[in-house]
Amino acid sequence: MMKLPDFEGLAMFAKVAEERSFARAAKTLGISVATVSRGVARLEERLGARLFNRTSRQLSLTEFGLRLADRASRIYTDAEEIENAALELSSRPRGLIRLAAPMTFGVHWIAPILPEFLELYPDISIDLHMSDASVDLVGEGFDAALRIAVLPDSSLIARRLAPVAPFILASPAYLEKYGCPQHPRELAAHHCLGYAYRPRQDIWRLTNKAGEEEFVTPTGPLRATNSEALVPMALRGLGICELPEFMASEYLADGRLKAILTDWSLPSGALYFVTPSARARPAKVEVLAEFMAARLSNPPWRWPR
């Protein structure tokens, strides 16, 4: 099986041949003299011939070394140019960003601010993937994602942007017809609308200030993979639903829906900007992270306002 060329050894050899000194080559490369010496010795052993004639006062190329020096120098120069070009590309905000976001949040809060971002950074383009199903950032090749309520896997880097509280809501018409539940246990007798992508199954876990917990499994006429699909049912007085704050605040503000069981609370989540890694993150992703933080860290959906 063919081995990969010893690029590191060739680079060290090229620099020693150029400087005519192991010490000067080591200083230029920013490594120790011993490292350079071992690299050249390894290359000589691999090639089966000496590259330098060494004396206590003089260092010169062998005939074999002379024949290889120009080619090794070209390899070194080409590698430098490729690396410099790559560094320039990664340090400039440009290129395609594959961004994932929840469906309703993406439509109502991300899409409206993207024109401003793309005007600020005309060399960037965005592929916006919107779905309430959690995507595999690494496996599916996403650069970043906006996630709500559920913390990402430990292998991902998450930046918390804003809290997102959940509310249990019903319309005035529903409450007038069926009454307002005073305790979570009473929800079993009500029409509760379900959300299919809730983590750890579709269960409402409510806690009061005394630390008591109640677990409710919503049962009703509709269960959906997107919370927005539950809103028309709730507005028509046909069921009780749970909505995240970024959706609920609009209906709370105009009175079309009312918060119930306010002495109890669901686990509060947050909005996160998530990336596969914070190490060597491209400039395009860095500027998007800063933009999202600036626009969404003090969001207009907070309730009460």
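Between the CD atom of Glu63 and the CZ atom of Arg50 there is a distance of 13.5 Å, given to the nearest 0.5 Å. Considering NZ of Lys284 and CZ of Arg94, their distance stands at 10.5 Å, rounded to 0.5 Å. Between the CG atom of Leu230 and the SG atom of Cys192 there is a distance of 11.0 Å, given to the nearest 0.5 Å. Glu18 CD to Tyr76 OH: the interatomic distance, rounded to the nearest 0.5 Å, is 8.0 Å. Rounded to the nearest 0.5 Å, atoms CZ (Phe273) and CD1 (Ile157) are 12.0 Å apart. Atom CG of Leu118 and atom CD1 of Ile113 lie 10.5 Å apart (nearest 0.5 Å).
Side-chain contact, Glu140 with His129: no donor N or O sits under 3.5 Å from an acceptor N or O. At a cut-off of 3.5 Å, with distance as the only test, a side-chain donor of Asp132 or Asn226 sits close to an acceptor on the other residue.
No more than 12 heavy-atom neighbours from other residues, nucleotides or ligands sit within 6.0 angstrom of CD on Glu176. In the displayed structure, Arg42 atom CZ is contacted under 6.0 Å by more than 12 heavy atoms of other residues, nucleotides or ligands. Surrounding CG of Asn298 are at most 12 heavy atoms belonging to other residues, nucleotides or ligands under 6.0 Å away. In the displayed structure, Arg20 atom CZ is contacted under 6.0 Å by more than 12 heavy atoms of other residues, nucleotides or ligands. Counted within 6.0 Å of CZ on Arg71, heavy atoms from surrounding residues, nucleotides or ligands total 12 or fewer; the atom is thus considered open.
Residues Leu193 and Pro221 are in side-chain contact: their nearest non-hydrogen atoms beyond the backbone lie under 4.5 Å apart.
When all heavy atoms of Val33 and Phe22 are compared, the closest pair comes out as CG1-CB, 4.2 Å. The heavy-atom pair separating Leu114 from Met292 by the smallest distance is CD2-CE, 4.2 Å. Looking at every heavy atom in both residues, Trp204 comes nearest to Ile240 through CH2-O, 4.1 Å. Smallest separation of non-hydrogen atoms from Val36 and Met12: CA-SD, 3.8 Å. Between Trp301 and Glu245 the shortest heavy-atom distance is O-CG, 3.6 Å. The two residues Leu243 and Ser227 make their nearest non-hydrogen contact at CD2-O, 3.9 Å.
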Check: residues 164-175 side-chain donor-acceptor pairs under 3.5 Å, at least two apart:
residue, atom, partner, partner atom, Å
Ser171, OG, Tyr174, N, 3.1
Ser171, OG, Ala234, O, 3.4
Tyr174, OH, His190, ND1, 2.8
Tyr174, OH, His191, N, 3.1

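For Phe13 and Phe52, the ring centers are positioned less than 6.0 Å apart. Checked against the 6.0 Å centroid criterion, the rings of Trp303 and Tyr251 do not qualify as a close aromatic pair.
Leu96 and Val287 fall into different hydrophobic clusters, where Ile, Leu, Val, Met, Phe, Trp and Tyr residues are linked whenever their side-chain heavy atoms come under 4.5 Å apart, directly or through other members.
The backbone N or O of Leu206 lies less than 3.5 Å from no partner atom in the side chain of Glu214, so there is not a single donor-acceptor pair. Between the side chain of Glu186 and the main chain of Gln182, a donor-acceptor pair closer than 3.5 Å is present.
One finds no salt bridge joining Arg38 and Glu8 here, because no Lys/Arg side-chain nitrogen approaches an Asp/Glu carboxylate oxygen to under 4.0 Å.
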